[in-house]
*Asks:* 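The structure under discussion is supplied below as structure tokens; questions concerning it will follow.
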Protein chains: 2
Amino acid sequence: MSKEKELETEALIKDKAKVLFFQKGLLDATTQEIADEAGVNRALIHYYFRSREQLMETLLEEVMLEKQETIREILKTEHPFKIKIAKFIGALIDHGLKYPYLENFVISETARNPDRIKLFRQKEKNRSHELVRQQLEEEISKGNIDPITAQNFMINLISLCNYPLLAKTVIQCFHGMNDTEYRKFLVQRKQVIYKAIFNEEMPDVE
Amino acid sequence: MSKEKELETEALIKDKAKVLFFQKGLLDATTQEIADEAGVNRALIHYYFRSREQLMETLLEEVMLEKQETIREILKTEHPFKIKIAKFIGALIDHGLKYPYLENFVISETARNPDRIKLFRQKEKNRSHELVRQQLEEEISKGNIDPITAQNFMINLISLCNYPLLAKTVIQCFHGMNDTEYRKFLVQRKQVIYKAIFNEEMPDVE
DNA sequence: TTTATGTTTAACAATTTTGTTAAAAATGAA
DNA sequence: TTCATTTTTAACAAAATTGTTAAACATAAA
């Protein structure tokens, strides 16, 4: 029994499919295109993952988990609130730079089929919202931050981080950026977002 | 020659297809589903619009024009800058309430095929960006607004307006809102966005 | 009523895509 | 090497979808 070979091919398909979907943005890639990208026979996709659908679920779970772990770690540290949020912004943008089309996928899948939202849900205790609210309210009562509900705070934050990823093409066209300029724009944007949220310059966070 | 009947059916297909695509969110509706929604034979779609593709282009052009006209009118008035922006926010949200899935469509189409961005581009002279920049810079030099580039200003603004539309399902699930609550949330959000942008309460604009 | 024109329909062909399967190939233990 | 198991392949079947076409139908003018 060659367990190594199996893992090799299975992992190869997953890796290449991730590239195709979340990096190249071919969200409706066919099983044939996935097979081509991985350089394997199309039937292997069904052999290892049963269906296109199940492959997708597997990929999503992996990539979402990667993102959620990073965020959970940041939000569970003992840093001051504003530092945490600065790191949070950085993590969202960086993950977006790694998988530029992941958010597009989440958005189109959930729009097409709201039930599939389950695939993207994190465990109750780790939801960013819960991890942020208490500390946010403390800061507000101390007068360090203008009053705002946790709901609006989070949605503002995530809107400012995610929309420029979703609208890559629109923004590039509209503001005449090539890929390099767009990347640079996103990196610089971390500071812009922090300033929009807190109305003050972002401190350096390693 | 029954010109009336033709316009009736043609307009019927367009109207029902708009509902299907931009209101119900079935962005990948088949020609059969479109025909069913309009209660006509599927071949009529090809008779009037040649292909599914061309129907889509027609619909888009109409809906985008409707949106762009509203925005152009707001930005070309002589109102004070902050009033204009308040109206601009209102118009973006209201259009999103009318066609909840239009932005999803723009985003997925341009991600899938960047060339198709042409379909969404407005004429150079009417681009919101151009209409806002000069006045924004004036306000900044008068010290009424914190320094920010027009690019970042616009992208912040549009991110805050559009993301909650794109992420309808995610937000509803995450914050436990039904459709009514979500609508209310969007309407109230106009003030939240204004405050996030200008750091002060939004004045009443009719 | 006849005729020409425009509108609608059912049936068909072509293509694309998914998933299955039986057989071939590779692998590794006995 | 032999044999059992796993992996891979090519070929096939089924379903979905788009676009075409020829004929039926409706309408209004002559």
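Here is the naming used below: chain letters follow the sequence lines, and residue numbers restart at 1 for every chain.
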*Asks:* Quickly work out the E8(A) CD to dT8(D) C1' distance and round it to whole Å.
*Replies:* 14 Å
*Asks:* Can you name the residues that form a side-chain hydrogen bond (donor to acceptor under 3.5 Å, both in side chains) with S51(A), not counting sequence neighbours?
*Replies:* none
*Asks:* L12(B) CG to dT7(C) P: how many Å, rounded?
*Replies:* 15 Å
*Asks:* Suppose we screen for salt bridge (charged side-chain N to carboxylate O under 4.0 Å, His left out). Which residues come up paired with E139(A), at least two apart in sequence or across chains?
*Replies:* K142(A)
*Asks:* Nearest 0.5 Å, what's the CZ-CD1 distance between F153(A) and I140(A)?
*Replies:* 8.0 Å
*Asks:* Which pairs pass salt bridge (Lys or Arg N to Asp or Glu O under 4.0 Å) with one or both residues in residues 31-44 of chain B, sequence neighbours excluded?
*Replies:* K24(B)-E37(B)
*Asks:* Measure CD1/I45(B) against P/dT17(D) and give the value in whole Å, please.
*Replies:* 13 Å
*Asks:* Base, backbone or nothing for each nucleotide of nucleotides 9-23 of chain C, written B, S, -, heavy atoms under 4.0 angstrom, 5' to 3'?
*Replies:* BB------SBBB---
*Asks:* Show me the pairs that pass salt bridge (Lys or Arg N to Asp or Glu O under 4.0 Å) and involve residues 44-53 of chain B, at least two apart or across chains.
*Replies:* E53(B)-R116(B)
*Asks:* Take atom CG of D36(B) and atom P of dT17(D), then tell me their distance rounded to the nearest Å.
*Replies:* 11 Å
*Asks:* Identify, with sequence neighbours excluded, every residue that meets side-chain hydrogen bond (donor to acceptor under 3.5 Å, both in side chains) alongside D115(A).
*Replies:* none
*Asks:* Whole-Å distance between dT9(D) C1' and Y48(A) OH?
*Replies:* 13 Å
